[in-house]
Amino acid sequence: MLRLQRCVLTQLLSSRSASPVSHLRRLISAAAPVVSPNPSFAVENYLVDTCGLTGAQALKASAKLNHLRSPSNPDAVLAFLAGLGLSSAHVAALVAKDPKFLCAGVERTLAPVVVGLTGLGLSRPEIARLVSLGGAQFRCRSIVSSLQYYLHLFGSAEKLFRALKYGSCLLSSDLELVIKPNVAFLEECGLDPCDIAKLCTCAPWLLSTNLERLQAMVACAEGIGVPRGSGMFRQALQVAFYGEEKITAKVDHLKNMFRWSDAEVRIAVCKAPMVLTLSKDLLQRKSGFLVSEVGLEPAYVAHRLTLLTYSLEGRLRPRYYAVKFLKENGLLDHGRDYYAAVVLREKVFMEKFICPHKKAAPQLAKDYAAACRGEVPARFRFT
């Protein structure tokens with residue numbers, strides 16, 4: 001039976017006929033026998049033995065499937081998923097997350113959805129990926145119209161899938177009552193569709209939240225000094241999700257830690273709003289390194305706040321050690337700015353600061369690589 005259903009799905013996906021759903025219906029109705037309840041069928045065992053769930057997962061999932069009396073429909077769904085190319089691990093993850101997927105009608109719902117998505121230009125691997133990302137939403141035929149809108153908004157399936165990795169809230173939200181009004185409001189704020197897509201690729205919840213909350217977030221972004229139209233407005237909106245109270249606490253913490261004035265903290269936050277998402281511990285360690293060890297003035301950091309957005313172990317500290325080593329050994333002018341070295345891409349930093357000194361400091365590249373791994377080579381220990 002499973003083999004027959006896989007063949008059916010393959011024919012459906014490759015069919016060029018005018019009505020592949022009708023073709024599927026004829027094949028299934030002609031081949032499938034009448035199924036009567038199976039008194040020996042145990043849902044929990046089926047979930048473990050056939051779907052690949054763990055015992056704990058099966059116990060939890062079976063509570064939502066206690067009405068099942070036969071493996072007929074679950075078998076058809078598993079055949080459908082196999083035909084799309086989902087691996088056993090992906091199937092197990094899907095069923096554990098949404099046990100009722102096994103109850104979906106292949107002919108009534110899943111197959112028409114595949115046909116609709118194929119019509120939108122999605123490939124079979126993309127549809128399989130959407131099953132894993134969408135879960136319960138995939139067993140609603142309305143997903144086709146939603147995908148049509150989102151593909152136009154995001155510009156490609158890959159960008160949309162990137163957003164869905166952060167949660168399927170886009171697919172579960174009402175398109176007409178929630179999503180479109182939010183998009184219209186963001187456009188009123190000066191964001192074009194490309195900006196909205198970039199913003200919502202890593203923060204899809206901005207589109208699925210209610211309009212009043214989105215309006216409050218815009219007001220909050222403006223309140224921290226990032227106006228509509230600013231290049232940092234998109235970042236400020238993401239920060240505004242934390243709420244005014246938490247943001248105020250973060251701003252106060254930054255002021256106290258760096259001894260910044262109100263004007264300086266405003267400049268800092270305007271330049272890099274995402275710094276407000278960093279933990280207090282991480283900010284403390286970075287400020288300690290930059291101010292106490294490197295010797296930078298707090299006001300200097302306020303005007304170059306991107307310093308706080310770089311990795312302490314992977315970028316700030318290794319580059320400081322390398323630059324200091326070069327200065328201590330007369331291989332670099334003492335006036336060279338540390339910030340200028342930090343902001344360079346890794347490839348450019350290597351070309352400008354490491355490679356030119358292969359003869360004079362043959363161990364520099366090896367020491368720098370070790371520092372990037374969190375080690376402190378002897379040559380980088382300064383007294």
Quick one: pull up [atom1] in [X] and [atom2] in [Y] and give me the separation to the nearest 0.5 Å.
X: L59; Y: L47; atom1: CG; atom2: CG; answer: 10.0 Å
X: Q238; Y: L199; atom1: CD; atom2: CG; answer: 5.5 Å
X: I143; Y: L175; atom1: CD1; atom2: CG; answer: 12.0 Å
X: Q137; Y: L164; atom1: CD; atom2: CG; answer: 9.5 Å
X: R315; Y: Y310; atom1: CZ; atom2: OH; answer: 5.0 Å

Scan for side chain to side chain donor-acceptor pair (under 3.5 Å) pairs involving residues 212-224, sequence neighbours excluded, and state none if there are none.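 Every pair satisfying side chain to side chain donor-acceptor pair (under 3.5 Å) with a residue in residues 212-224: E222-R228.
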Under 6.0 Å from the six-membered ring centre of F349 and within 45° of its axis: does the NZ or CZ of R319 meet both?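 The answer is yes, since R319 meets both limits relative to F349.
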Does the cation-pi check pass for R304 over Y300, that is, NZ or CZ under 6.0 Å from the six-membered ring centre and within 45° of its axis?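 Yes, a cation-pi geometry.
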Pairwise salt bridge (charged side-chain N to carboxylate O under 4.0 Å, His left out) hits with a residue in [range], at least two apart:
range: residues 254-272; result: K255-D262
range: residues 283-296; result: D281-R285, R285-E313
range: residues 348-368; result: D367-R379

F161: what forms a ring-ring contact (aromatic ring centres under 6.0 Å, His included) with it, not counting sequence neighbours?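 None.
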Of all residues at least two apart in sequence or in a different chain, which pass the ring-ring contact (aromatic ring centres under 6.0 Å, His included) check with F289?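 F289 satisfies ring-ring contact (aromatic ring centres under 6.0 Å, His included) with Y320 only.
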Can T306 and Y339 be counted as having a side-chain donor-acceptor contact under 3.5 angstrom?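 Yes, Y339 and T306 have a side-chain donor paired with an acceptor closer than 3.5 Å.
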Do V251 and L282 belong to the same hydrophobic cluster, where Ile, Leu, Val, Met, Phe, Trp and Tyr are linked whenever their side-chain heavy atoms lie under 4.5 Å apart, directly or via other members?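 Yes; L282 is reachable from V251 via cluster members.
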Look at D98 together with R139 and state whether they make a salt bridge at an N to O cut-off of under 4.0 Å.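 So D98 pairs with R139 through a salt bridge.
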More than 12 heavy atoms of other groups within 6.0 Å of K327 NZ: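 Enclosed: over 12 neighbouring heavy atoms sit under 6.0 Å from NZ of K327.
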Please check if the number of heavy atoms outside Q363 that lie under 6.0 Å from its CD is greater than 12.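 Count over threshold, so yes.
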Please work out whether the ring planes of F138 and F80 are parallel, tilted or perpendicular, with thresholds of 30° and 60°.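 Answer is tilted, since the angle falls between 30° and 60°.
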Could you tell me whether a side-chain N or O of R141 sits under 3.5 Å from a main-chain N or O of R108, the two making a donor and an acceptor?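 Checking the backbone N and O of R108 against the side chain of R141, a donor-acceptor pair under 3.5 Å is found.
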